[in-house]
Structures are given as C-alpha cells and as structure tokens.
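The chains referred to below are lettered A, B, ... by the order of the sequence lines, with proteins before strands, and numbering in each begins at 1.
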Amino acid sequence: MIAAIRGTHDILPGDVEKWQYVERVARESCERYGYVEIRTPIIEREELFAKGTGESTDIVQKEMYAFTDKGGERVTLRPEATPSMVRAYIAHNLEHAMPAAKLYAMGPMFRYERPQKGRYRQFHQLDVEVFGMENPAVDAEVIDLAWTLVTQLGIAQAELVINSVGCPACRPVFQAALLAALGDNLGRLCGDCQRRSATNPLRIYDCKVPADQPIIDGLPHSVDYLCEPCATHFVGVKTHLDAIGIAWRQSHRLVRGLDYYVRTTFEVLGQALGAQNALLGGGRYDGLVKQLGGGDRAGIGFAAGLERLVLALPESAPVAPPAPAFVVAIGDEGRAAAWLLVRELRQAGLAAQMELEAKGVRAQMKRADRLATRVTLIVGGDELARGEVTLRDMATGEQRAIARESVVTAVRDLL
RNA sequence: GUGGGUGUAGCUCAACGGCAGAGCACCGGCCUGUGGCGCCGGUGGUUGCGGGUUCGAUUCCCGUCAUCCACCCCA
C-alpha cells in the first residue's frame, strides 16, 4: 500500500459533512458582509512569499514546500494566502476596478512542519482580505465577521484577543525601548529569545519558557509606545467593537509572527484544540500592497483554519445532509417500476434511492432505515395492479396507498 | 528541527513469550410483501513495515514509517 504524505489527510464520508457545513457557513457569512470570492493558484513564485510573508519569518525560512520546476523557476506551494491575494489585486488592476475590495478565498495551504493536533502539512484556510480602506470601522467589521463566523458555527468558549503593534513610525521607538528595558537580562533569556531580539524583538512575547517569564513580564508594552495616529486608530477599533457588543480582551503579548502586520492584530482562541489553540488570526498590513509593487493601499484581513473550526465544532452542529426518499421494489415488475419512480423523484429535485442489487423486502427496508430516510415508497404487484404506490412514514410506521401520479407531491410534503 | 507516548478487525480496545479475542459496525437467519428492539449465525487480521534475539515474538531489542502530546511555529 502506498501511504499518504505525512501531515496530509483524506477526509472521508462522515467527516466531509462537517467540512461542507463549515464551508457553507463561512461562505454565507462572508457574502452577508459583502465579500466576494476570489480563487488564486496554490503554486506561486517563491519570491512572492519571501517578499510578502517576510524573509525573517519561520514560514519562509524553514516551512515552505519550495523547489525548482522543470523550467528552472523557483516556485512554492503557498504557505498562506495573503500575498497571493495582494498579487492578484495588483496584477488585475483591481485597485481601479475595486478601489475598496472585500475579498475571500478558501483552499489548501502547505507548510513543512511537524504535525500535531490542529497542525498539518496540508491544511485549509478561509482567507478574508480588505484592500484600500483605512478606517478603524473596517478593522471592527473584519473582526465582527471573524467573530460571527465562530459563533454561527456554535463554537462555545471562544475568546477574542486584540492588540496593536504600531506602524513603521512608532514601532522602532518601541523596539528600542524593549531592548533597552531588556538590557543585561538579555543574556539570561533562552536561546530562541536571544535570536528573536536580533531578528524581530516583538516575538520575545511569544516565549513560553517559564524561566523567561519574570523578565518578559517587566518589559514595556507596544500600546504604550503608539504614535498619535496609531493610538487613535486603536481606540477607534475598540470603540466600534464595543458599539456592536463584541467582547474582546487586549493582550500586549499578541504580536503574531508575520512581518507585514501593522497596527491592529487579533486572534480568536478556542478550547480543546490543544496547544494549537488559534481558530483564526489576522491583522492590518497597510504597507504590503505597495511593497509588492502596487499603490499605497491599506490592507487588513484574517485567516481561519478550517481543520480547527471542524475540530471545535459542537456535537449538535446540523451537519447531516437531508435523508433521501427510499423506494422498495418487490419482484421483477416492481423493480422496473421502482427504477422509473426513483428517476422521476430525482428529476423533480428530490433525493431518492433504491436498492439496485436484487434483495428481499426486509433487506431493502433495513437499508432505508440505515439511511435514516423519512419516507419509503413500496412498489409491488399489488400496487401496480391498482396504479398505486404504498407510502410509509418511517417515523410512525403508518402506511397508505397513493395514486401513482401524486407520488412526487406526497413525498415532497413529507420531506 | 528537538523530546516523549502510541501503532492488534472498518471503529474502540483486550491478549504482553506458547492456537489472535471482545464490544460496536457490516452481512444473513428467526420474519418467503415491511426497518428500528431482541435472539442466533457469518464475513472480516501478513498484530504499521523491515531486521534481530528465541524452539517459538502481537509480546523483548534495533531501525523505519505513521500518529498523538509537548517544544518550535501558527490557522
């Protein structure tokens, strides 16, 4: 047997219904908020992510499925969607066609990581992006959509965490303050933190090493170093969230790992997901469009992990597809008539099934029961002679004869 | 990339050097034109894979692959 690639998974019947449900709710939520779908390739030039996601990120440094194709091009399976979205936005001049673009996408992403619960090498994201809008109300609307999606899915005990990491004007001041406060303690931090202090000092806040925590607790917070425009923006975001009654917790430790984030960052955390507890995460990335060769356009968005949403889905989620009608055939003539009846129901837009292998009535009834069907139609010699079909309500066990012509209407009423 | 746990029937798990089992699921019978409940029966396994130790390995050892947990990172 040839095994699947590590960290990839088949999604089988029984689970796939949960996926369809999550995807359906995601689509409906996005479209209610005025987002339109866009589909971009899952393979891109490597430099798109080097420039977009950021040279200093772990994603680019060690997690990309990158290779040289037969034409000598350096390409990679996308590790995230945002740079592709930005590329498409610029390439098709949507800056002019849709100056204020609200886009969403869904699909697989690839990162070469060690798999664990909620973390896979091929995983799937819902990606939501807004281009060209800077108002803090936009941040709040994006967060609103993210939060609404989670609550619509019935995921309980989720928590919204927000922060502001400043902008190119004020972040250097904060980083300098951070390093100054660290001072001699730098040498006492773990190796990872010492590395972070050189590449991306904010990431020190991601550290979970117990010994480091007393030192980290004493460090300054980014929100205390925001420039006036960033501070005003952040207050605006929180005011808008309060106005629509979405509860948030501010955390100075929410710094996020991608290079392009400015100002607002946010995550929704879930329970029972193990260490990978972020259901979704995102933030503002105002400089990214320009950096990738477009105009000076604002940007904000988030990505939600579909695997994680599926994992967090409550038992009660209405994921099951509607049960079909089932036609039970008796004898050869019954089978011929049932064959036509099933097709007629299907043509009328109703889900209908029958047992195509010749089997006894009991076995057919059992099959109908296993399908959880609400209504069974029985066609045998008796019925055929009278031009009727026997209709059985599977919940009550009641049966009645109905005219052959009115079957579609009768079934529609019961389903 | 690092450390640890676990791989036995479709699923959940027993057996832990001596004939590979149970429950659930699936198929059939009791009931030859009627599902669920019950009773009876049946199908289903190179014990993840490869090597080693042993008269004999599902069991002990090594390797490998997968998975889970944590680190790391993030969705």
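- Residue contacts for A/E63: at a heavy-atom cut-off of 4.0 Å it reaches the sugar-phosphate backbone alone, with no base atom in range.
- A donor N or O paired with an acceptor N or O is not found under 3.5 Å between the base of B/G36 and the side-chain atoms of A/R370.
- A/E383 comes within contact range of at least one nucleobase, with a heavy-atom separation under 4.0 Å.
- At a threshold of 4.0 angstrom between heavy atoms, the contacts of A/G397 include nucleobase atoms, whether or not backbone atoms are also involved.
- Here A/A395 lies in heavy-atom contact (under 4.0 Å) with a base.
- Checking B/G35, B/A70, B/C27 against the side-chain heavy atoms of A/R362 singles out B/G35 as nearest.
- A/F302 comes within contact range of no nucleotide atom at all, as no heavy-atom separation falls under 4.0 Å.
- A side-chain contact (heavy atoms from CB on, under 4.5 Å) with A/Y205 holds for exactly one of A/V165, A/L254, A/L178, A/N163; it is A/L178.
- At a cut-off of 3.5 angstrom, the base of B/U34 holds no donor-acceptor pair with the side chain of A/Q364.
- Among the protein residues, A/G7 comes within range of the sugar-phosphate backbone only, with heavy atoms under 4.0 Å from sugar or phosphate atoms but none that close to a base.
- Closest approach to the A/R392 side chain among B/G35, B/C71, B/G28 is made by B/G35 (side chain taken as heavy atoms from C-beta onward).
- Within the 3.5 Å criterion, the main-chain N or O of A/V255 finds no donor-acceptor partner in the side chain of A/T265.
- Across all strands, A/G381 comes closer than 4.0 Å to base atoms (heavy-atom distances).
- A/G360 comes within 4.0 angstrom of no nucleic acid atom, judged by non-hydrogen atoms across all strands.
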